[in-house]
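Notes follow the structure.
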Amino acid sequence: MELPFAEAWKIKMVEPLRISTRAEREQWIKDAHYNLFNLKSDQVYIDCLTDSGTGAMSDRQWAAMMMGDESYAGSASFFQLKETITRITGFEYIIPTHQGRAAENVLFSHLVTAGAIVPGNSHFDTTKGHIESRKAFAVDCTVDEAKDTQLEVPFKGNVDPKKLEKVLAENADKVPFIIVTITNNTAGGQPVSMQNLREVRAIADKYGKRVVFDSARFVENAYFIRTREEGYADKSIKEICKEMFSYADGMTMSSKKDGLVNMGGFIATAHEDWYEGAKRFCIPFEGFLTYGGMNGRDMAALAVGLDENTELEIIETRIRQVQYLAAKLDEYGIPYQRPVGGHALFVDADRVLDQIPKEEFPAQTLAIELYIEAGVRGCEIGYILADRDPVTRENRFGGLDLLRLCIARRVYTNNHMDVIAAALKNVYDRRHEITRGVKIVWETELMRHFTVKLERL
Ligand code: F0G
């Protein structure tokens, strides 16, 4: 008999979970103004809000923390991190930052000015926020296939070369760089193929532009290239990463995802001029160049985390768990962005709660229902997160309205996946009784989903 696949690690430390009652959860979510970000963590049973900074570190990472060098300048941990990043990405210049959005802030302070146009594939909300807050424009050039959640194509995160070329043909002088998010979080954790990265590079070269990868989940992307793209099945994850980054000029990184740490980020680039430009903003915003908002011990743990996660068995364990949950949803007939991506399941709320109009935010409604059902906390990646159009101030209903269920790295077991799936099935079975959604009673101009206050209709 063939042995089944199992995790490439065993558990050394555990953390108790609190199970609540439905009545408690109904009260808590009301008190939280129906915004799941306002819940306290002990009001949550299984937390699928995000895979960002929620993972479990390995014994080797914890050991590395004890060796962290907390020197203000010239920390040995910085040089350990720098060596690791350069070895994995090929980029020589490194600026640590306290998280991914800080890397965006530092780099974009140097590169993005009012009126600029930054094309890419579904900019993440902080990326979009850092562009739009500078009175510049984020133009989404994702392939149209990403909009059809039921379509099974291997690389739904791709940039549409035609759309990208059009932006450049019309406005090349306004484009400071192209940004490619690997994997494409907003489109459902969907990967970008090596072929597509090559095409983006060719278009960028044609117009003399540089390319940035938003690399939060670059290892997941490499895994999908290995398993889905011809010619990569025998390559190591590290080899694939190296090739991916050979098509970019630099990267912003949220280390809280594929760096396997709870906090951290960085900028890495091949270009001295970008490094020199970004440096000027690192010091006032983040800190001196050899710590950039991170503890020495956190840089040490990140160096180990990056090395660990770029090994096949670690990333495979992670993706297989997400695929396990997806298989359960298939069994129950619940529609989600297909094929399942790397870090999360994105349930197609428009299809599940099809009686709720867009104006009443179906995905947010589904997130609330799932929380009340079982204490499972997901996150709306939909019309609330999309913010309003900066010019017309209208809600942006053009994209997808998804309930994202993120899987933290090395935290939950497949029994927890069974609970999530069963809870979702229970909500799905009574979907026809859910006919009204929510309305916004208070919101901010940018990134409103974090703090929005809602009322149930
Ligand atoms: N880019 C992508 C693709 C992201 O998913 C995130 C964060 C960031 C940049 C910003 O990084 O949080 O370290 O400042 N995504 C988290 C999420 C918050 O839940 O998907 P950060």
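Counting starts at 1 for both ligands and their atoms, in listed order. Index from 1, following the sequence. We use all heavy atoms of the structure for the numbers below, so side chains are in, but hydrogens, waters and symmetry mates are not.
The protein heavy-atom contact nearest to atom 12 (O) of ligand 1 is R101 NH2, 2.8 Å. Protein heavy atom nearest atom 1 (N) of ligand 1, with residue, atom name and distance: D214 OD2, 2.6 Å. For atom 21 (P) of ligand 1, the nearest non-hydrogen atom of the protein is Q99 NE2, 3.3 Å. With respect to atom 13 (O) of ligand 1, the closest heavy atom belonging to the protein is S254 OG, 2.6 Å. Protein heavy atom at the shortest distance from atom 7 (C) of ligand 1 is K257 NZ, 2.5 Å. In this structure, atom 10 (C) of ligand 1 lies nearest to the protein heavy atom T126 OG1, 3.5 Å.
A donor-acceptor pair is defined here as one N or O able to donate and one able to accept, closer than 3.5 Å; no such pair exists between the side chain of S254 and the backbone of G265. Looking at N35, its side chain does come within 3.5 Å of a backbone N or O of V452 through a donor-acceptor pair. With hydrogens and angles ignored, the 3.5 Å screen pairs no side-chain donor or acceptor of T181 with any backbone N or O of N184. Looking at E360, its side chain does come within 3.5 Å of a backbone N or O of G437 through a donor-acceptor pair. With hydrogens and angles disregarded, no donor-acceptor distance shorter than 3.5 Å links the side chain of K82 to the backbone of Y93. No side-chain donor-acceptor contact under 3.5 Å links R297 to the backbone of E70.
Between T181 and ligand 1, not a single N/O pair is under 3.5 Å apart. For ligand 1, the polar-atom distance check finds an N/O of T50 within less than 3.5 Å of one of the ligand's N/O atoms. For ligand 1, the polar-atom distance check finds no N/O of T183 at less than 3.5 Å from any of the ligand's N/O atoms. Inclusion of D51 in the set of residues having an N or O under 3.5 Å from an N or O of ligand 1 is not warranted. Looking at ligand 1, you'll find an N or O of R217 within less than 3.5 Å of one of its N or O atoms. Ligand 1 has no N or O atom lying under 3.5 Å from any N or O atom of F124, backbone or side chain.
A perpendicular orientation is assigned to the rings of F245 and F91, their planes being inclined by more than 60° (bins at 30° and 60°). Classified by interplanar angle (parallel below 30°, tilted 30° to 60°, perpendicular above 60°), the ring pair Y72/Y291 is perpendicular. Using bins of under 30°, 30° to 60° and over 60° for the plane-to-plane angle, the ring pair Y383/F361 lands in the tilted bin.
Counting heavy atoms closer than 4.0 Å to ligand 1, residue R404 contributes side-chain atoms (C-beta onward) but none from N, CA, C or O.
For ligand 1, the atoms closer than 4.0 angstrom to any heavy atom of G100 are 11 (O), 13 (O), 14 (O), 21 (P). Atom numbering of ligand 1 starts at 1 in the shown order; those under 4.0 Å from a heavy atom of E104 are 9 (C). Distances below 4.0 Å separate heavy atoms of K256 from the following atoms of ligand 1: 13 (O).
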V347 vs Q337, side chain to side chain contact (heavy atoms under 4.5 Å, CB included): CA-CA, chis, key distance, verdict: CA-CA 6 Å; V347 182; Q337 174 68 298; over 6 Å; no
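Ligand 1 has no atom lying under 4.0 Å from any heavy atom of H343.
Taking the ring axis of F224 as reference, the NZ or CZ atom of R226 does not stay both within 45° of it and closer than 6.0 Å to the ring centre.
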